[in-house]
Amino acid sequence: MNETATKYDPHAVEEKWYAYWMEHRLFHSEPDNREPYTIVIPPPNVTGVLHMGHMLNNTIQDILVRRARMMGKNALWVPGTDHAAISTEAKVVAKLASEGINKHDLSREEFLRHAWDWTDKYGGIILKQLRKLGASCDWERTAFTMDEQRSKSVIRVFCDLYDKGLIYRGVRMVNWDPRALTALSDEEVIYKEEQSKLYHLRYKVEGEDRYIIVATTRPETILGDTAVCVNPNDERYTWLKGKKVIVPLVGRAVPIIMDDYVEMDFGTGCLKVTPAHDVNDYMLGDKYNLPSIDIFNDNGTVSEAGGMYVGMDRFDVRRRIMEDLQAADLVEKVEDYVNKVGHSERTDAVIEPKLSMQWFVKMESLAKPALAAVEDGDISFVPAKFRNTYRHWMTNIKDWCISRQLWWGHQIPAYYLPDGGYVVAETPEEALVKAIEKSGNASLTLDDLKQDADCLDTWFSSWLWPISLFNGILEPENEEFKYYYPTADLVTAPDIIFFWVARMIMAGYEFSGKKPFGNVYFTGIVRDKIGRKMSKTLGNSPDALELLDKFGADGVRMGLMLAAPAGHDIMYDDSLCEQGRNFCNKIWNSFRLIKGWQVADEAQPEASKLAVKWFGEKLNATIAEMDDLMGKFRISEALMAIYRLFWDEFSSWYLEMVKPAFGQPMDSATYNATLGYFDMLLRLLHPFMPFITEELWQNLAERKDGESIMYAQIPAAAKADEKMISDFESVKEIVAGIRTVRKQKQIPQKEALELNAQKSHNPAFDAVIAKMGNISALIIKEEKDPTAAAFIVGKTEYSIPLADKVNPEEEIAKLHKEREYYTKFLAGVEKKLSNERFVANAPEAVVAIERKKKADAEAKLATIAASLSALGAN
RNA sequence: GGGCGAUUAGCUCAGCUGGUUUAGAGCGUCUGCCUUACAAGCAGAGGGUCUGCGGUUCGAAUCCGUAAUCGCCCACCA
């Protein structure tokens with residue numbers, strides 16, 4: 001380490017200590033007698049790269065884990081990645097396409113080989129990047145949602161739920177992603193407001209020369225129309241009862257149905273019904289036994305069943321059909337219209353509601369204990385407002401569509417028999433046994449069984465994450481599971497509360513009988529300076545690795561944390577990281593100062609003795625404050641507390657008080673106390689800024705190989721001497737008063753001054769005042785010196801005799817200003833006290849405070865009056 | 001359409017069960033200083049009728065109502 005550099009250089013330091021921590025396996029945890037503290041990482045996508053959100057989220061987790069470790073707990077942070085079925089498969093498909101390979105020309109096995117190659121190559125890059133941030137994960141436990149243990153757990157759970165009757169297969173209207181070519185769960189659909197059109201189309205009434213007008217946003221779906229619906233109470237349309245209308249262009253006659261689902265005042269009051277491509281229309285179709293014409297292929301082009309525009313994309317059809325309708329004079333009008341359109345969370349494709357055969361989980365019974373856990377506070381949410389969101393979702397929960405028409409993921413363990421029917425089993429061998437039993441056909445072989453081609457939703461493996469990491473599904477009695485589970489805290493972003501958090505809670509109770517974690521800390525969303533969400537398309541997200549490089553990991557961590565109270569979005573700006581970097585520098589330079597001191601065996605100066613005593617109290621108070629704040633997950637406030645202790649109290653006051661004169665040595669008592677304090681400050685800072693604290697801690701004293709600040713304990717708070725702390729605040733004010741006088745009168749610090757004080761002055765810290773103010777003599781003197789520059793601290797007036805330098809008029813003006821303030825203040829207090837109802841109703845303590853305020857203000861005014869009269873004014 | 005949350009200094013936010021807060025912090029701004037740890041620094045200063053209105057109370061930034069603005073979540077009006 002280069003002790004002469006005035007700037008902290010994070011680069012070499014970070015690499016060195018991370019390697020040291022790894023080499024000595026300091027992140028590794030095994031069950032022992034200590035209290036466990038466990039966090040499981042929200043697994044990032046296996047092919048993802050580090051972004052601002054990850055940095056925030058993982059910094060918080062690291063702070064919690066490192067702090068727990070330093071409080072003597074057996075801390076474990078388990079890392080891992082998620083196979084992210086849809087997005088990974090999409091990436092692999094795109095990569096193959098760029099090589100001229102079409103996914104569908106490959107067998108499932110061939111495709112999976114490519115996918116695994118891709119995963120091996122790019123997978124886990126993000127985990128390497130987390131190391132640069134300082135994440136103290138137990139990398140030996142790195143897991144993957146598709147590794148063997150996790151995969152087996154998933155399959156076991158599927159079979160278990162199936163056996164319990166909680167998983168079923170059926171034809172339902174699902175959200176279809178025509179780009180990823182798979183069904184999605186409701187949660188994977190993002191509704192976005194879009195500027196679109198409302199098309200008013202003319203439907204001819206069969207056998208009459210009359211038309212009705214139907215309003216739609218999707219004219220292309222008329223190909224699938226099988227009815228037109230009006231409200232039975234709508235008098236405009238009673239004449240339509242029992243009639244049929246002709247679908248424009250298509251020429252098909254469809255019945256008029258009457259249902260009060262239709263809003264009379266929307267559009268024209270006529271609704272076209274396309275049961276195959278709209279959830280509500282499906283419901284109507286079901287109710288009125290309408291035929292359902294599926295006019296789209298899986299990729300969103302028109303199918304043979306559409307009869308026209310076959311093979312054309314749905315959006316091209318929209319344009320074309322409108323041209324054709326215009327030409328046939330079947331368009332009444334076109335209005336601008338804003339509506340919400342569902343998009344795929346992963347591919348952003350516009351969702352097509354589609355009827356298909358899928359697998360579902362019945363959620364109602366799973367939700368019950370999970371809801372109760374949060375309602376009863378067994379699991380607490382930070383901030384608590386997310387309980388509302390959670391409650392609402394849980395009480396309106398719908399069945400979960402878990403099948404995905406993908407290859408990358410856990411293949412559904414359902415096996416179809418040659419003569420129909422299927423069995424669900426953990427392995428093909430077990431399936432065969434069940435199949436033989438079910439069919440009564442003993443000659444069946446493995447080749448006769450055909451496994452369901454679909455994969456499971458990614459979240460069907462993620463919801464088991466906390467349990468499956470400790471193998472709690474397959475071996476619920478294993479030692480690790482019993483020790484580490486339930487985990488302590490979960491740190492995640494609120495946008496996956498339904499995807500993940502809620503489902504983990506359900507899985508926790510269902511598969512382990514216990515909650516998966518005690519607290520859920522919801523982070524904010526990182527936004528840019530003007531409040532926009534950071535996104536690739538906007539290009540407003542700084543490159544995470546560049547930031548780490550520019551400001552150092554500690555600087556970035558601190559910058560993010562300073563602005564990140566729980567659940568509060570943070571507006572990112574580089575100035576935050578600059579502040580973090582500057583703080584690193586401050587710490588660095590304090591260390592340089594301390595290490596530069598010569599130590600001699602001499603008596604401890606009075607000022608140093610006082611400083612040591614005072615800072616000890618201040619340290620105690622801050623430890624207590626941090627304990628309290630961290631207990632409430634007010635992490636940024638805890639950081640601010642230690643930041644201010646270090647910068648304002650330790651650097652600006654303590655070090656200045658004990659600092660020996662230039663070239664002079666320091667007494668060993670003060671020196672050792674200072675080293676002790678510095679050590680303690682480093683410990684308190686370490687969870688937030690792991691690298692610089694390790695570097696300095698290692699250099700602060702001789703350390704054995706393998707020793708680390710990571711395991712240096714943060715002691716429990718002792719009771720602080722509040723009296724001493726508050727007395728010292730007055731001392732600061734006195735010193736500040738002296739500094740102000742010096743500044744106003746342009747008297748340099750090196751010129752010693754005399755200070756007069758009234759007898760109410762507390763002499764306990766005189767040595768400090770003398771040193772910090774460069775005061776040669778502090779004289780208790782009641783009478784006023786008109787040639788002295790005065791200031792008041794508390795009730796006591798202080799003055800510095802300056803002979804000719806004092807301008808009496810300035811002094812008088814200053815006193816008048818103070819008098820004005822205190823007169824007003826006193827009037828306010830007196831008004832309160834003269835209110836009988838206040839005195840009668842307010843608690844005694846509150847009244848006493850007001851009385852003291854009054855007495856203090858009066859004393860102060862008396863002091864001011866005396867000073868004024870001494871100056872010959874009033 | 002329902003719900004939730006926010007609105008406090010130029011910016012980002014504290015202020016928890018109303019009373020030692022006629023309101024605090026960090027950053028930024030302004031003024032002096034390259035003082036032998038640190039100019040990414042030091043010493044100071046200025047800056048707010050707590051979104052508006054009404055109410056409860058002896059007392060309101062804090063509780064209640066209401067309006068406005070913003071944000072988020074949920075929902076099957078084409």
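Per chain, numbering begins at 1; letters A, B, ... match sequence-line order. Values reported hereafter were calculated over all heavy atoms of this structure, with side chains retained and with hydrogens, waters and symmetry mates removed.
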So which nucleotide does [N] pair with, by the Watson-Crick or G-U wobble rule with both distances under 3.5 Å?
{"N": "B:U35", "value": "none"}
{"N": "B:A60", "value": "none"}
{"N": "B:A40", "value": "none"}
{"N": "B:C77", "value": "none"}
{"N": "B:G26", "value": "B:C11"}
{"N": "B:C72", "value": "B:G3"}
{"N": "B:G46", "value": "none"}

Any N/O donor-acceptor pair, [X] side-chain to [N] base, under 3.5 Å:
{"X": "A:Lys586", "N": "B:C38", "answer": "yes"}
{"X": "A:Asn589", "N": "B:A37", "answer": "no"}
{"X": "A:Lys743", "N": "B:U31", "answer": "yes"}
{"X": "A:Glu656", "N": "B:A43", "answer": "no"}

Does a nitrogen or oxygen in the side chain of [X] sit under 4.0 Å from OP1 or OP2 of [N]?
{"X": "A:His568", "N": "B:C13", "value": "yes"}
{"X": "A:Asn280", "N": "B:C77", "value": "no"}
{"X": "A:Tyr8", "N": "B:A37", "value": "no"}

Distance check needed: [N] [atom2] versus [X] [atom1], whole Å only.
{"X": "A:Gln598", "N": "B:A37", "atom1": "CD", "atom2": "P", "value": "14 Å"}
{"X": "A:Asp573", "N": "B:C11", "atom1": "CG", "atom2": "C1'", "value": "9 Å"}
{"X": "A:Tyr191", "N": "B:C74", "atom1": "OH", "atom2": "P", "value": "10 Å"}

Between [X] and [Y] (judged by ring centroids, cut-off 6.0 Å), do the two rings come close enough to count as a pair?
{"X": "A:Tyr677", "Y": "A:Tyr654", "result": "yes"}
{"X": "A:Phe386", "Y": "A:Tyr390", "result": "no"}
{"X": "A:Tyr337", "Y": "A:Tyr199", "result": "no"}

Distance check, [atom1] atoms only: [N] and [M], in whole angstrom units.
{"N": "B:U29", "M": "B:U12", "atom1": "C1'", "value": "16 Å"}
{"N": "B:A68", "M": "B:C53", "atom1": "C1'", "value": "11 Å"}
{"N": "B:G54", "M": "B:C11", "atom1": "P", "value": "26 Å"}
{"N": "B:A25", "M": "B:A67", "atom1": "P", "value": "36 Å"}
{"N": "B:C27", "M": "B:A37", "atom1": "P", "value": "22 Å"}
{"N": "B:U31", "M": "B:U8", "atom1": "P", "value": "28 Å"}
{"N": "B:C13", "M": "B:A23", "atom1": "C1'", "value": "14 Å"}

Both A:Ala842 and A:Asp628 contact RNA chain B. Taking the nearest nucleotide for each, which residue is further toward the 5' end?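 The residue whose closest nucleotide sits nearer the 5' end is A:Asp628.
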Nearest-nucleotide comparison on RNA chain B, the residue closer to the 5′ end among A:Glu637 and A:Gly663: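 Closest to the 5' end, via its nearest nucleotide, is A:Glu637.
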When you measure from the side chain of A:Arg837, which nucleotide among B:A37, B:C76, B:C58 comes out closest? B:C58
Please pick, from B:C58, B:C27, B:U12, the nucleotide with the shortest atom-to-atom distance to any side-chain atom of A:Asn841.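 From the listed options, B:C58 comes nearest.
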Indicate, with a heavy-atom threshold strictly under 4.0 Å, whether [X] touches base, sugar-phosphate, or nothing.
{"X": "A:Arg739", "answer": "sugar-phosphate"}
{"X": "A:Trp647", "answer": "sugar-phosphate"}
{"X": "A:Thr740", "answer": "nothing"}
{"X": "A:Lys831", "answer": "nothing"}

Taking the six-membered ring of A:Phe838 as reference, does the cationic atom of A:Lys832 (NZ for Lys, CZ for Arg) lie under 6.0 Å from its centre and within 45° of its axis? yes
What distance separates A:Arg557 CZ from A:Leu639 CG, expressed to the nearest 0.5 Å?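 These two atoms lie 10.5 Å from each other.
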Donor-acceptor under 3.5 Å (A:Ser834 side chain, A:Lys831 main chain): yes
Can you tell me which residue among A:Asp281, A:Asp260, A:Asp259 is in a salt bridge (charged side-chain N to carboxylate O under 4.0 Å, His left out) with A:Lys287?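 That would be A:Asp259.
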